[in-house]
Amino acid sequence: MPLSATADTSKTVKLERYNSYLRKIHSTKVLNASSKVLFRATLLVALVLVLLFAINYPPLSDSRAAAAHHLHRRSFLSTGLFSSSSSSSSSSIGGAAWEKRVRQSSTAKRQHGLSVLVTGAAGFVGSHCSLYLRKRGDGVLGFDNFNDYYDPALKRARQALLEKQQVFIVEGDLNDGPLLRKLFDVVPFTHVLHLAAQAGVRYAMKNPQSYIASNIAGFVNLLEVAKAANPQPAIVWASSSSVYGLNTENPFSEEHRTDQPASLYAATKKAGEEIAHTYNHIYGLSLTGLRFFTVYGPWGRPDMAYFFFTKDILHGKSIDIYRTQDNQEVARDFTYIDDIVKGCVGALDTAEKSTGSGGKKRGQAQLRVYNLGNTSPVPVGRLVSILEGLLGTKAKKHLIKMPRNGDVPYTHANVSLAYKDFGYKPTTDLAAGLRKFVKWYVGYYGIQPRVKKENSHAEDSA
């Protein structure tokens with residue numbers, strides 16, 4: 001073989017070896033790069049999975065555990081799972097013992113008695129109405145959320161009074177549709193006395209959303225449940241004299257305009273009247289609205305002037321007495337609680353049946369609105385003078401101009417329509433009503449005031 005051919009062959013072998021070596025190096029680099037990419041991708045996926053797990057399954061620390069318990073409770077009430085198997089106790093909401101209490105409380109004791117769901121039953125007017133209805137033999141089931149707008153202990157004390165008369169109060173919120181539907185499934189209510197609401201004119205400036213949630217959304221939710229009930233109940237509900245707003249005609253009549261509310265509270269009550277008209281028109285619900293005028297009396301609301309005036313006078317604190325912008329006395333048509341109860345019961349007794357069935361209107365249904373007042377406006381200064389005499393203590397008065405907080409300077413009810421339709425006639429004047437309130441107040445709070453004893457000479461000679 002020629003030397004040149006041998007040399008060429010040697011060069012070819014060396015070149016192939018060199019190329020093979022380069023390919024091995026390149027493959028190694030690619031493999032290493034791929035491994036790094038795969039490792040980083042795996043790490044990224046792992047981190048994402050850990051993050052998702054943390055979000056969906058947070059550790060149950062003390063605060064998280066409380067939140068989880070709250071969410072579980074809300075979920076339970078919202079899903080409508082009310083069977084006794086859902087709880088370890090049959091006395092829980094929806095359990096056998098709970099349903100038994102609901103039925104017993106709702107069952108009338110007299111022939112042809114009513115079966116009434118009273119919302120706001122632990123409230124001032126609600127508790128008085130519930131007691132009256134129960135004592136005359138009607139079935140009464142209470143419903144209340146026991147909120148802390150004012151001292152819940154007072155509401156619990158009213159609840160205890162009702163329990164002594166075998167009136168059961170279901171604790172719940174108007175916006176809990178499943179709970180309301182459960183109640184209507186258990187009991188075929190003939191009537192609803194809807195008194196639950198966010199009350200107070202001035203508080204609306206601090207917490208406006210609470211008025212929307214209760215007075216509008218809660219009312220609509222109740223009507224939604226009632227329209228689908230079979231039978232549909234007749235509904236009597238609490239509107240307010242506040243709907244008259246800036247009206248200057250006196251005394252206030254149901255025919256007067258109510259499109260000038262002076263407060264958000266008044267606006268929500270006026271909205272309630274329009275909503276009632278809608279559900280009456282579309283679904284055949286029988287609806288009666290009652291415009292209360294400054295209700296007072298034993299077991300009253302601590303946010304009302306007569307109540308906190310009494311407290312402040314006894315504690316030696318000064319009290320603010322409003323005067324109008326033109327320096328006139330502010331006056332209210334103070335209405336004693338017993339008169340209001342008679343009006344509520346009169347409205348219930350004359351309420352016609354709803355005409356709908358299964359959410360469909362079958363005929364024209366009753367739609368009414370009434371004033372319930374005392375027809376005798378009294379200046380706030382006179383209210384204070386009566387309290388001073390009853391408490392045996394002079395008030396430290398601070399006269400100021402009425403702020404623009406939604407209050408109106410004057411209210412006066414014309415109740416002729418309520419008198420004509422169900423005989424409503426108030427019989428308690430302010431002095432007599434405050435005497436009963438003060439007696440309750442000092443007893444409930446364990447106070448020993450220097451109460452003026454009237455007619456003592458007559459009593460001694462009797």
Side-chain angles (χ1 to χ4, degrees), residues 120 123-126 128-129 132 193-195 197 199-201 236-258 260-263 265-266 269-270 272-273 276 288-301 303-307 322 329-350 368-383 386 406-437:
F124 176 30
V125 180
H128 280 272
C129 286
Y132 184 96
L193 181 57
H194 175 48
L195 302 172
V201 169
V236 175
W237 68 284
S239 181
S240 170
S241 61
S242 295
V243 300
Y244 290 108
L246 304 180
N247 173 57
T248 56
E249 297 182 78
N250 285 293
F252 297 170
S253 168
E254 292 88 347
E255 297 177 354
H256 290 168
R257 64 186 299 183
T258 55
Q260 296 177 297
S263 66
Y265 169 70
K269 285 300 185 177
K270 176 58 180 176
E273 293 187 359
T288 302
L290 302 176
R291 295 172 177 171
F292 298 156
F293 282 72
T294 316
V295 189
Y296 73 100
W299 296 97
R301 280 176 24 214
D303 65 318
M304 299 294 285
Y306 73 92
F307 200 112
Y322 292 157
E329 285 194 286
V330 172
R332 290 286 182 272
D333 198 348
F334 296 101
T335 313
Y336 189 63
I337 181 61
D338 288 357
D339 292 324
I340 289 293
V341 170
K342 291 175 185 176
C344 291
V345 174
L348 285 170
D349 288 343
T350 57
R368 307 180 296 173
V369 64
Y370 296 102
N371 290 336
L372 293 186
N374 195 53
T375 74
S376 301
V378 178
V380 174
R382 173 60 182 155
L383 165 75
I386 295 172
D407 275 324
V408 294
Y410 187 84
T411 61
H412 183 187
N414 178 341
V415 300
S416 58
L417 184 60
Y419 175 75
K420 179 176 73 72
D421 287 358
F422 47 84
Y424 174 74
K425 186 178 181 180
T427 59
T428 309
D429 63 29
L430 184 60
L434 285 178
R435 188 177 301 113
K436 295 177 182 179
F437 165 72

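Just so you know, residue 1 is the first one in the sequence shown, and it goes up from there. The basis for the numbers below is simple: all heavy atoms, side chains too, and nothing from hydrogens, waters or symmetry mates.
Residues passing the ring pair (Phe, Tyr, Trp, His ring centres under 6.0 Å) test with Tyr265: none are found, sequence neighbours excluded. With sequence neighbours excluded, the residues satisfying side chain to side chain contact (heavy atoms under 4.5 Å, CB included) with Pro409 are Thr324. Under the salt bridge (Lys or Arg N to Asp or Glu O under 4.0 Å) criterion, Arg382 pairs with no residue, sequence neighbours left out. With sequence neighbours excluded, the residues that form a salt bridge (Lys or Arg N to Asp or Glu O under 4.0 Å) with Arg291 are Glu273. For Tyr370, the side-chain hydrogen bond (donor to acceptor under 3.5 Å, both in side chains) partners are Arg368, Asp421, not counting sequence neighbours. Scored by the salt bridge (Lys or Arg N to Asp or Glu O under 4.0 Å) test, Asp349 finds Arg136 as partners (sequence neighbours excluded).
Two residues are said to be in side-chain contact when any heavy atoms from C-beta on lie closer than 4.5 Å; Pro251 and Thr375 fail this criterion. No side-chain heavy atom of Thr335 sits under 4.5 Å from any side-chain heavy atom of Phe292. Between Ser241 and Asp333, every side-chain heavy-atom pair lies at or beyond the 4.5 Å cut-off. Looking only at side-chain heavy atoms (C-beta outward), Tyr336 and Pro298 come within less than 4.5 Å of each other. Looking at Asp339 and Thr427, their side chains come closer than 4.5 Å, going by heavy atoms from C-beta outward. Counting only heavy atoms from C-beta outward, the side chains of Tyr244 and Thr411 never approach each other to under 4.5 Å. The closest side-chain heavy-atom distance from Leu417 to Tyr419 is not below 4.5 Å. At a threshold of 4.5 Å between non-hydrogen side-chain atoms, the residues Val380 and Tyr322 do not count as touching.
Taking the six-membered ring wherever Trp is involved, the centroid distance between the rings of Tyr132 and His128 does not fall below 6.0 Å.
With values rounded to the nearest 0.5 angstrom, Tyr296 atom OH is found 11.5 Å from Met304 atom CE. Rounded to the nearest 0.5 angstrom, Asn374 CG and His412 NE2 are separated by 9.0 Å. Note: Lys270 NZ to Ser240 OG = 12.5 Å, rounded to the nearest 0.5 Å.
Proximity of a side-chain donor or acceptor of Asn247 to a complementary backbone N or O of His256 within less than 3.5 Å is not detected.
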